[in-house]
Amino acid sequence: MFRADINGLRAVAVVAVVLYHFGVPGIAGGYVGVDVFFAISGYLMTQIAVTRLERGSPLVLAFYAARARRIVPALYVMLALLSLAGAAWLTPLELRQLGKQAIAAAGFFSNHVYAGEGGYFARAAHEKWLLHSWSLAVEWQFYLVFPLLAAALWRLGRQRALVAGLGVLLLVSFAASVLVTRSAPAAAYFLLPSRAWEMLAGSVAWFVAARIGTRAAPLLPALGLVLIAAAALSYTPQTPFPGVAALLPVAGACLVLVRPSPAGLLAAPPLQWLGTISYSLYLWHWPVVVAVRYAGLPLSAPAIVAMCVVALALAQASYRFVEQPTRHALQDAGLRRAATALVAAGGLTLAMPLAAYVTNGLPQRVPGQAAQVLPGNDGLHDSPWSYPQACSNFQLPLAGGQARSCRLGDGDGTLVWGDSHAEQLYPLLASFKDRGFRFATNAGCVPVRHLNRVAPGFDCDLYAEQFLRLALAPEVQHVVIAGSWLNALHGPELQAGGPPDVCHKPSPQAACEAFASPAAALAFMELQLREDLRTLTRAGKRVTLVLPFPVHQVDVPRYLARRQFHGQTLDYTLSSEAFDASATDARRMLERAAHDAGAQTLDPAAVLCASGACIYQHGGRALYRDSHHLVAEGAQLLRPSFERLFAEPPASTVARRPQEAKNPK
């Protein structure tokens, strides 16, 4: 039975998601709209299942057929059109990645792909054309299991057994969601076991609605909308999610579902229209977002309005010319013929994505001049880091309580301590391996004790304690410390005044305490770093502190590949003054800490920004693998600086930029 209030609730859910993805201020928690969709799905699927079971009608195949008619045609058309557009617009590497994502989306396993590639809120997520397909995969996986489970429970004890079984599974899934959100947030966000409870909550809501219906308090739907709005307006990407936080939007949706309300706000014509096209709108809005970001356009107010118009137009066209005709045609065709048609459509849909993936992005599309640069420029193939993987992602604890590290050459005379900004020096220091290096690094963990990453899953404070112990070993004479200082202070987006990416961890057992501001994080880092440096210098170690590496506002290899692929000139520059302005606070903090502890500094920007602009490419080839990590060729530019460093006696003066040596701060 059609319920206008549920259709209106769909509109609320999709509007929240779209406004969040479009960057509308104040809707930082709009991603909870997906949770509302999950609850609605559980409600409607339970209604379908129980109705058929009570009638004695076959459930499983009919259920699958109905879901396929509803979901597959519009999805496959979107995938096909997006793949064709990608073949005309994207570089080979980007087209290959789109092909991989399209295959996963068509097979409804993209949530597993994205769970292994980082979080939903990561910066790189904005470049994934089909990231939003994760929720369709979760729902489809639920659809595969639910009718089988419902039929089995019904045989055990009809509705009573079904309610009890679904209730137990709801509690188990919710407990898993709470636990996994803390330990493995990406898996918790993307995978069915920690999301199933949201759909099962909708199932329970159906049983409640069937029992009490309109006898429920008439204010329940209004209260439900308030809860959904509270989550959308108060949550942020930093909110641990799903876990306990998902209770608010799911409970809000269930309060609307349990009390049928034919009139009121949710029955308003605009919401009814949006609810009707909500599926197609969800499908098309995210590619619009990625296209705007790909084109480098700012999310200004006019741009957001234009994006809304385009997304709504695409959604209306998809509903009118794909959803409606195919649903009726497939229903009239019968089960066997409909299945054959869907399989054939799937083959046609996957032709381009498969070709893109297998051929590494159809490289024959690349113009001759650009092809000479792209293969070594991350333009055609995914490339690993420029140093052995054994030098990153150390494990703790190990036998003897030692952190695992790797050696370069014979001996341990020099220890390199840091995060990925220290690891990127590996190909450069390989040419000095006769000195003997030991790398003690962990990507994502700035080399300061009693700090941890804000993101879950890091034990940076444990690593730092182990690495300091390694640095104090008698055989170590020289300690080189390098870190991603700017990211730690301002987060991966490097927004001025943005929240720090680190928190204070007083002890391994204590909770990580958030810093009130980057200035507070900076002050703590200076005090702790000064203490650590003094510990090393008082032990007779020579200590070199590497100042911040230039951080660019573009993903360098992707920027170069796109410009070259489209035959466009390079119009991006990062002036020395602009980088200095963004790095001043961190540089001064590091210089003060080094000076007070009797350590020295080495400034990569003295070389990389010496010409008045911070270089990022040479001959069209990227010197960075992203916005702030050097590839081997880029790291080699620092060779003269390290030659001087290793040639200097321990009592050398601090290495600074020439102009700073004349005009100290």
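Worth knowing before you read on, the calculation uses all heavy atoms, side chains too, and leaves out hydrogens, waters and symmetry mates.
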Inter-residue atom distance [X].[atom1] - [Y].[atom2], 0.5 Å rounding:
{"X": "D461", "Y": "L451", "atom1": "CG", "atom2": "CG", "result": "8.5 Å"}
{"X": "L144", "Y": "E139", "atom1": "CG", "atom2": "CD", "result": "12.0 Å"}
{"X": "L148", "Y": "L153", "atom1": "CG", "atom2": "CG", "result": "11.0 Å"}
{"X": "C445", "Y": "N452", "atom1": "SG", "atom2": "CG", "result": "6.5 Å"}
{"X": "E423", "Y": "S484", "atom1": "CD", "atom2": "OG", "result": "11.5 Å"}
{"X": "M78", "Y": "T349", "atom1": "CE", "atom2": "OG1", "result": "10.5 Å"}

Got a sec, which residues hit ring-ring contact (aromatic ring centres under 6.0 Å, His included) with Y189, two or more places apart in sequence or on another chain?
-> Y120, F121, W134

The ring-ring contact (aromatic ring centres under 6.0 Å, His included) partners of F108 (sequence neighbours excluded) come to W140

Ring centres of F142 and F38 under 6.0 Å apart?
-> no

Non-neighbouring partners of [X] that pass salt bridge (charged side-chain N to carboxylate O under 4.0 Å, His left out), sequence neighbours left out:
{"X": "R3", "result": "D5"}
{"X": "E465", "result": "R449"}
{"X": "R10", "result": "none"}
{"X": "R293", "result": "none"}

Within-4.5 Å side-chain heavy-atom neighbours: [X] and [Y]:
{"X": "M45", "Y": "F63", "value": "yes"}
{"X": "V36", "Y": "V256", "value": "no"}
{"X": "L162", "Y": "F207", "value": "yes"}
{"X": "L192", "Y": "M199", "value": "yes"}
{"X": "H132", "Y": "P287", "value": "yes"}
{"X": "R211", "Y": "W206", "value": "no"}
{"X": "L248", "Y": "V32", "value": "no"}
{"X": "V15", "Y": "L281", "value": "no"}

Give a yes or no answer on whether the side chain of [X] reaches the backbone of [Y] with a donor-acceptor pair at less than 3.5 Å.
{"X": "S194", "Y": "S177", "result": "no"}
{"X": "S507", "Y": "A510", "result": "yes"}
{"X": "S318", "Y": "A315", "result": "no"}
{"X": "H112", "Y": "L191", "result": "no"}
{"X": "Y114", "Y": "Q101", "result": "no"}
{"X": "H21", "Y": "V18", "result": "no"}
{"X": "N7", "Y": "Q272", "result": "yes"}
{"X": "D555", "Y": "R558", "result": "yes"}

Using a strict 4.0 Å threshold on nitrogen-to-oxygen distance, state whether R195 and D35 make a salt bridge.
-> yes

May I ask you to check whether Q47 and Y43 show a side-chain donor-acceptor distance below 3.5 Å?
-> no

Of all pairs that satisfy side-chain hydrogen bond (donor to acceptor under 3.5 Å, both in side chains), the ones with a partner from [range], not counting sequence neighbours:
{"range": "residues 61-75", "result": "R70-E323"}
{"range": "residues 235-252", "result": "T236-Q238"}
{"range": "residues 153-165", "result": "none"}

Of D501, N487, D459, the residue whose pairing with R453 passes side-chain hydrogen bond (donor to acceptor under 3.5 Å, both in side chains) | D501

Locate the shortest heavy-atom distance separating [X] from [Y]; write the atom from each residue and the value.
{"X": "P508", "Y": "K505", "result": "O-NZ, 2.8 Å"}
{"X": "G33", "Y": "V17", "result": "CA-CG2, 3.7 Å"}
{"X": "L79", "Y": "A105", "result": "CD2-CB, 4.1 Å"}
{"X": "G42", "Y": "S203", "result": "O-OG, 3.4 Å"}
{"X": "P237", "Y": "Y20", "result": "CG-OH, 3.7 Å"}
{"X": "L90", "Y": "L95", "result": "CB-N, 3.9 Å"}

For a side-chain contact (heavy atoms from CB on, under 4.5 Å) with L9, tell me which candidate from L271, V14, L225 qualifies.
-> L225

Are Y294 and E127 close enough, and set up right, to give a side-chain contact (heavy atoms from CB on, under 4.5 Å), and what steps lead you there?
-> CA-CA 7 Å; Y294 184 92; E127 298 180 348; over 6 Å; no

Output side-chain donor-acceptor pairs under 3.5 Å for residues 168-176, partner residues at least two apart or in another chain, one line each.
{"unit_1": "S173", "atom_1": "OG", "unit_2": "P193", "atom_2": "O", "d": "2.6"}
{"unit_1": "S173", "atom_1": "OG", "unit_2": "W197", "atom_2": "N", "d": "2.9"}

The disulfide bond (SG atoms under 2.5 Å apart) partners of C254 (sequence neighbours excluded) come to none

Would you check, one step at a time, whether the test side-chain contact (heavy atoms from CB on, under 4.5 Å) holds for M307 with V289?
-> CA-CA 7 Å; M307 290 161 64; V289 175; 3.9 Å; yes

For V138 and F190, what are the C-alpha separation, side-chain angles and deciding distance, and is it a side-chain contact (heavy atoms from CB on, under 4.5 Å)?
-> CA-CA 8 Å; V138 168; F190 286 114; 6.0 Å; no

Residues passing the side chain to side chain contact (heavy atoms under 4.5 Å, CB included) test with I103, sequence neighbours excluded, are F109, L350, P353, L354, Y357

Under the side-chain contact (heavy atoms from CB on, under 4.5 Å) rule, what do L257 and V208 come out as? Steps first, then yes or no, please.
-> CA-CA 9 Å; L257 294 170; V208 174; over 6 Å; no

